[in-house]
Each structure stands twice: as C-alpha cells, then as structure tokens.
Q: 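Let me give you the structure first, and then I'll get to my questions.
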Amino acid sequence: MAGSRTRRVLFQPAAYAAMQRGMRQIVEAVRPTLGPRPRTVAIAAQVNRRPPEILDDGGLIARRIIQLADPDEDMGEMYLRQLLWSLHENVGDGTATAAVLYQSIYDLGVQYIVSGGEPMQLRRHLERGLRIILDQLQSMVCRVEGKESLARLAETVCADPPLARMLGEIFDVIGEYGQLEIREGRRRQIEREYVEGMYWKSGLLSRQMVTDPRRLRAELEEAAILISDLEIKEPQDLVTLLEGAAQGGVRSLMLVARSVSDGGLGMLHAARESAKITCVPVKTPGLASDEQAEAMEDLGVLTGGRPLVKAAGETLQGFKLANLGRARRAWADSTYMGVVGGKGEARRLRGHIADLKAAFAAAEEPAARKRLQERLGKLMGGSAILSVGAVSDVALKTRKNLAERTAEALRGAVRDGILPGGGVALLACRPALRRQLAEADGVDERAAYRILLKAVEVPIRSLLANSGLDAGRVMAEIELAGPAYGCDLRTGQIVNMAEMGISDPAGVTMAVVRGAVASAALALTVDVLVHCKVAKKALTP
Amino acid sequence: MEASLDQDLVYGLAASPAFVRDGVIFAARTSGLYRSDDRGSQWRGLYSSLKMESPLTTLVVAVSPAFESDRTVFAGVQGGVLCSTDGGETWRASLLPKPPPLVTSLAVSPDFSDDGTVLAGTMEDGVFRSSDRGGRWAAWNFGLLDMNILSLAISPGFARDETLFAGTVSGIFRSTNGGRAWREVSFPSEAAPVSCLVLSPAFANDGLAFAGTEAQGLFRSTDRGVTWELVTHEGPTGEAKSLMMVQDQAVGLGLLVLRSDDLVLSRDGGGSWSRCDADLPAEEGMTCLAAPMGADVGSPLLIGLEEGGVARVEARWRPVE
C-alpha cells in the first residue's frame, strides 16, 4: 500500500520556505565560482585522512553535496542539483550562472505566488518569456574563428592563460568534432601533440609482432586490413586468409579480431619468419559489442574494407581479397591501434560523416552524443593529445578537470557560436522583455516579465560582486555606455565586449537560460512535498 | 611557335617573377626538370648534379616570389620535394614519410622571404607543410577527407589571412589557418576531380577564386571560396588543364583557361570570353600554361605539351560570339 511508505507530507507555506532554504545552500556553494576570478570550494574527503578536494566547478560542487540534513530542504537542493549536474554533463560550463538565475526566478516567483499569483499561469508566461530571451540571444550569436579568439574565449571559462592559449590553438585545428584526449602529464607544463590519422584504444594481441622494438610498436606500410570481431581459435582458420592475401600481393596485413589463440599467433609469427607476409594481430576496438560494431563500421568506411561480423555467422573461411581495407600506414602498440591515409572512397566517407552529424544533432542523451562526437572526431582526419601538468597531484586533478570543462565549452562555441560575455548578452534581452511587458494583458503575464527583467541582471551583478566591484555603480556605468558594453572584470574597465573579445559560448548561455527558467518555472508549481520512508538512492549522477 | 624539348610530357611550368628581366622559366617533365634562360627558346636539364641513374620524373615546379634574390626553386617528385637555392644548379632532397607519395602540387607563400613557408600536395598522403624553406616537412591534414591532392592555391594575402585551398579527387577543401586544419567547402562533389585552382591577385578584397575540373568545366567563387558556382555563360566546358590569373597594366585582371584544344581569356571574372587567335599546338595536346608577362596582345604565352616540348605563342584574342 502506498500510504504505508509515506513518512511526512509538507504543505504551503512551509514547502516553499523549505525549498528556498535548500536551494539557497547549493546556490551559495557554487556562487563563488562565477566569473574570471573564481574562488574555490573545499569538499571534505569521503575517505578519512585524505586532503579535501579543492573545486571551482559548480557542477562538481553540486554533485558532491549528496544530502542535506533537513529532508525538506534536501528536496529543494536535489532539484537544483539535478539541473546543475545535467548542465555540467551536457555543456561543461555555466552551472554557477544557472544557479543564480534559477534562485532569482524562484524567489521572485514565490513572492508573487504568496501574494495571490496563479502558479500555472505564471509558469506559462515565464516559458513564453524564455522563448523571447532565446530568440534575442540567437539574434546576437557570432561565429568564433582563429586561435586568438578561441584562446580569449577559453580564458573566460578557465581563467588559466597558458591552458587557454593551448586549447585555443587545439580547437583552431581540430574544430567542433575533433578528437581531443586530455591526459595527466608528468611535467609541470602543459604540452600538446597532434596525431596524424585516426586511432582507437585497442592494442596488439601479441608483442612478438612488434616491428619497432624501441617504441614497442608495429608499423605497416601500404597495409591491408582485415576488419572483424571474430574469435580465431584454430590456426587452420588463418590459412585461407594468409594464402589468399599473399596470392593477392599483400605483404603487410593488419588482422583486427576479438582474439587469436596462441596457436594462431604462432602461425602468424611463422608466416612473418618465412617472409611471406607480415601480419599484425590487433584487438577489435571497443569493449561492448555495439562499440565494436561502430568501430568496425568506421574502420570499414575509412579503409574501404568490409568487416567480417561474428554475429552474422561470418568466418575467415569466407574471406575474399575484396574484403580487405587498405591504408597508407597502419600501426599498433600495446594500447592503441591507428590508421593513416585510409583508402576508403572519399565520397562514402563524407556520406558517413554526414549521417553521424545528423545522428549527433538528433541525439539527446549525453552519452550517445559523446560517443557520436568521438566517432566523428576519429573520422575527421587527426587527433590532439593535451597533457596537463601541475605542481601537485591535487592541483593536477583540478587542472585536468578544468581543461576538460573548458574544452567542452570551446567545442560548443565552435559549433554554436558565441555571445557577448560577462552577462551582457542577457542584459541585452531587456528591451525585448520590456516591450512584452508593455503589451502584456494579465497580471500573471506582467509578473512573469518583471521577474525575468530582474533575473537577467542577476548574473552580471553576481560577477561584479565576485570580482570585488561595486555592482550598483558599475551597472550604472554600463547603462550609460550603452548596449554591447560591459565590464572587463580583470581590469574593472567598461569596454565594448565584442571588440575586447570577451564572450561566452552561445550554446552554454542558451542551455543555462533554458534550464534555469524552465526548471524554476516548474518548481514554482510545486505545492506539496511528500517524503517516503525509504529514500531511494540517486542513480544519476 | 617554337618547340625545343624532346618528346616527353611537360607537367608544369614556372616562370621567374622577374621574367621580363631574366627570362628564366622552368619546365617539369617526365624526364626531369629543365630550365630556360632565354624565355623558353633553349632548355637544359637541371638534375645532373644528382647523378641519377634513371630519369627523375618531376610533376610540379614552383619558384620563390623572391627568386631574383634567393634563387630558390622547388620540384615535386615521387617521395619528396627537391629544393635548390641556386636556381636549379644543385639540389637538396627532403623525403616525405614512407611509403613514398607522389608530389602533385606545390604552393609557395607570397611572403616566403619572411615565413619560409611552402606546401606540397600529394596523391594519397594529403598536404605537407614546411616552415623552414623546404628543409623539414610535416603532414597537415586535419579535416582533409580526401588525401588525393591535385592542386593547391595560396592566398596572395597569406601572411594576414592564412588562407589556402586544396583541390582533390572529390572536392575542394579550404584552410583559414595556414593549413593546420581543413574544411570542405560547398562544391558539387560530382563535378570533381578539381585539377587546378587559382585565386585573384586581389583575393583579400574581391574574394574571387576559380576551380578547373577534369570534366565539368570551370567553377567560380566570389565569397572567398565558401560557395562555388558553375561558370556557364559561354565559359569553357569540359576539362580545364590549367588556370592563371594575370594583372596587366593596360587591361587589368585577366583569367586564362587552358583546355586540351584551346585557350580562352576573360577580363570580367568569367562573364565574357575571348579565344586565343594564335596558332595553338592543339594537336600535340596542351598540358600547362605560363603567362609570365600577362595576357596583353603580343605578350608571350608558353604552353607545355603532352607530346613533349614547350610551345611559345604571342597573345592575340578574338571575342567568343
């Protein structure tokens, strides 16, 4: 019986007050991280005798706040936490802005509702106002090009000039879909490396096949590639392949397979010793079968090969020379395998990329989008590796996390464009909201636009306060300077934001506004809080 | 008309920027690289210092914009790029990564004296770039979805805009960061292969570019190579062998299009055309063109031939009806 599980029911006005208290705690925890001069938050380690975690990432800070002591407040906190974490996952930045925006709308909304406003009507008009703000933002979007512009944008996200310069250069090269791997470096500096061709995490099946002992790497020129997810157990299974390939003039063969038995590896070794053919066995990329299927499909398109798929009942007995993919060079070491100069048909490759881009645009699940983006990155013709260095392990982890977050924001900026930064884009939405306010009919509609007019000022006011500036005075100066002007928070000067290259990724700003306004509007309709006896454990995040 | 080379295909011609004064022009041929010091009358082989046992087929040749002072010449061969800093008397070979790719096109930076940048397009291995005057080469292929490069074009304002184009077997790619990354432009892939590309000398201002295809005629872009359209109005159809843009004192900008059987000129960016009225060696198969003194009437035009030799004709133009 459902009733037996219910522990407590909380009605108004206590419900609003509890939600506000819980929400305020998480907002105040992430607020210091807003802006180019962020302060950090120390999170106690969950394991005894470990140092606290130092964070300046609103999304991670929110994630670390597992549960508040007061279960009523906890509901308000958890609701906002989910918004912040999903923003962190989807766009990588903007969580602190979302938090202050959400709080402003919710607090002002509650004030209006307790004075007699109608929550559902208010929600409807807030959502209509949201569309107006998004349209205004869309009209301001500019493209971002060139490593200098990208570096300036990166600096607004990470406030780490060396990291920003490096990421600016990298994204100028790899573009919106390019493959970027961020590693923890061994030195203090930041280093980057560009890798020609495409590579997958999947290594050699036998170290005996190494052709470059110094680098523990096998390299093949004018390589033929058999793409499969077969488990090759019997050495005899390889006879058809090796003989067929050798007769077809193949001298260098990369065999991609799920596994090759010891006997099979011995046969490949013998074939190489006899100088008939050099065959390098490599594990099929991917862990799960669907990942393997995707990797085989991509490899097939890149190299012009046709994969042999175990699930389709295919075996090496059915091997044909035409099944082989071709590449100018192929390589593998203990961890990775790569292809340079795949000889697949260029038009088919374009079509495949276009299909993946369409799937990416349609995908909503962050994990699916990430996987599609990684596949696209591999197919676009090169990869970058960023090795992040720092003075200590704690600083290294923080900086790596910062690099990942900034990279995600830059990727979004290259894809969706940029907006004037420092809260100026949101401020520029006020004339449109004022026009709507002037034309509004009902009291709920007018209230919604008034709430939004105040809310769009909150991010810039928070930025100014975080930078130690007098928000009231600077806001007056910005109003006097006119639209497009804002405050360069590093110098305190009033400047034209576009001319100074102070910008925010448009996709981040839009996702922040969309998430904060829609979530706050929905939260305002919550009238009763119901607690269950056994709290369910959150699965995500 | 004069033809003074033996019977082997001429793939490319490159004249000294100071041709009016020095009369130097190079010819890349099946049998190697040749040089003329008298405006194309007499030719001599340039690979004797390499002591090759067999002819070294040279597909492309390019000279430094400051050739008169630096004497730098590049030659693209199978597996690498040869560089000479004495006008072709001696050579330094820079090998590209194995397996050896075929170098099909070269583009030298207009500011080569300062930036030392030169790019090489290859069949199968994409684009290589050197920033040390041809010493070391590295592959620059991010975003290049077709590694079969047939032609390269470099912006006259490369020092500022870092713009490059690569014509491939399946389309056109553009880089706006000096070749670090490439993006495909809006070009109909069914019209490819793109055998030749040329940019307006005033590209920074007019954004004008032309692409010649192997079978589908001439395409034009007026927006810095972002979009391309077929030049239809009485324009050259079929295969475009070679494209050149010339800036004449008398009549301004001119676009020359060489096809296997004729040579046409447009003075208005492809709107109207004139046909070369000289006695062209069409029956010998025309392969490439050099117009080192422009296209004014009476200027010498040098034309490489399939059956060997370089023909020299005087420019005369008759409007296409």
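Quick caveat: nothing in here was measured; it's all calculated off a predicted structure. Labels below follow one simple rule: chain letters A, B, ... track the order of the sequence lines, proteins then strands, and each chain is numbered from 1.
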Q: Side chain, backbone, both or neither: which part of B:A138 has a non-hydrogen atom closer than 4.5 Å to chain A?
A: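 Neither part; nothing is under 4.5 Å.
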Q: Do A:E169 and B:N177 have side chains that get closer than 4.5 Å, going by heavy atoms?
A: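 Side-chain contact under 4.5 Å: no.
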Q: Taking atom CZ of B:F142 and atom CG of A:D172, what is their separation to the nearest 0.5 Å?
A: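 Atom-to-atom, B:F142:CZ and A:D172:CG are 11.5 Å apart.
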Q: So which of A:G342, A:G197, A:S383 has the largest heavy-atom pair count under 4.5 angstrom toward chain B?
A: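 Of A:G342, A:G197, A:S383, A:S383 has the most heavy-atom pairs under 4.5 Å with chain B.
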Q: Looking only at heavy atoms, what is the nearest atom pair of B:L145 and A:L349, with distance?
A: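 Between these two residues, the closest heavy atoms are O-CD2, 3.7 Å.
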Q: For B:E162, is it the side chain, the backbone, both, or neither that has a heavy atom closer than 4.5 Å to a heavy atom of chain A?
A: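 Interface part for B:E162: neither.
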Q: For the residue pair A:R347 and B:S170, what are the closest heavy atoms and their distance?
A: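 That would be NH2-CA, 3.9 Å.
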Q: Are the side chains of A:R328 and B:P101 in contact, using a 4.5 Å heavy-atom criterion?
A: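 Side chain of B:P101 against side chain of A:R328, heavy atoms only: contact under 4.5 Å found.
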Q: Please rank A:E196, A:R329, A:K147, A:E222 by heavy-atom pairs under 4.5 Å with chain B and give me the top one.
A: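 Option with the greatest count: A:R329.
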Q: With a 4.5 angstrom heavy-atom cut-off, is it the side chain or the backbone of B:L144 that approaches chain A, or both, or neither?
A: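 Just its backbone gets close to chain A.
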Q: Pull out the residues in residues 173-182 of chain A that come under 4.5 Å of chain B, heavy atom to heavy atom, sorted by number.
A: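 Within residues 173-182 of chain A, near chain B: A:V173, A:I174, A:G175.
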Q: When only heavy atoms count and the cut-off is under 4.5 Å, which of residues 352-361 of chain A reach chain B?
A: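 Heavy-atom contacts from residues 352-361 of chain A to chain B are A:I353.
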Q: Under 6.0 Å from the CZ atom of B:R92, do we count more than 12 heavy atoms belonging to anything else shown?
A: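 It does: B:R92 CZ has more than 12 such atoms within range.
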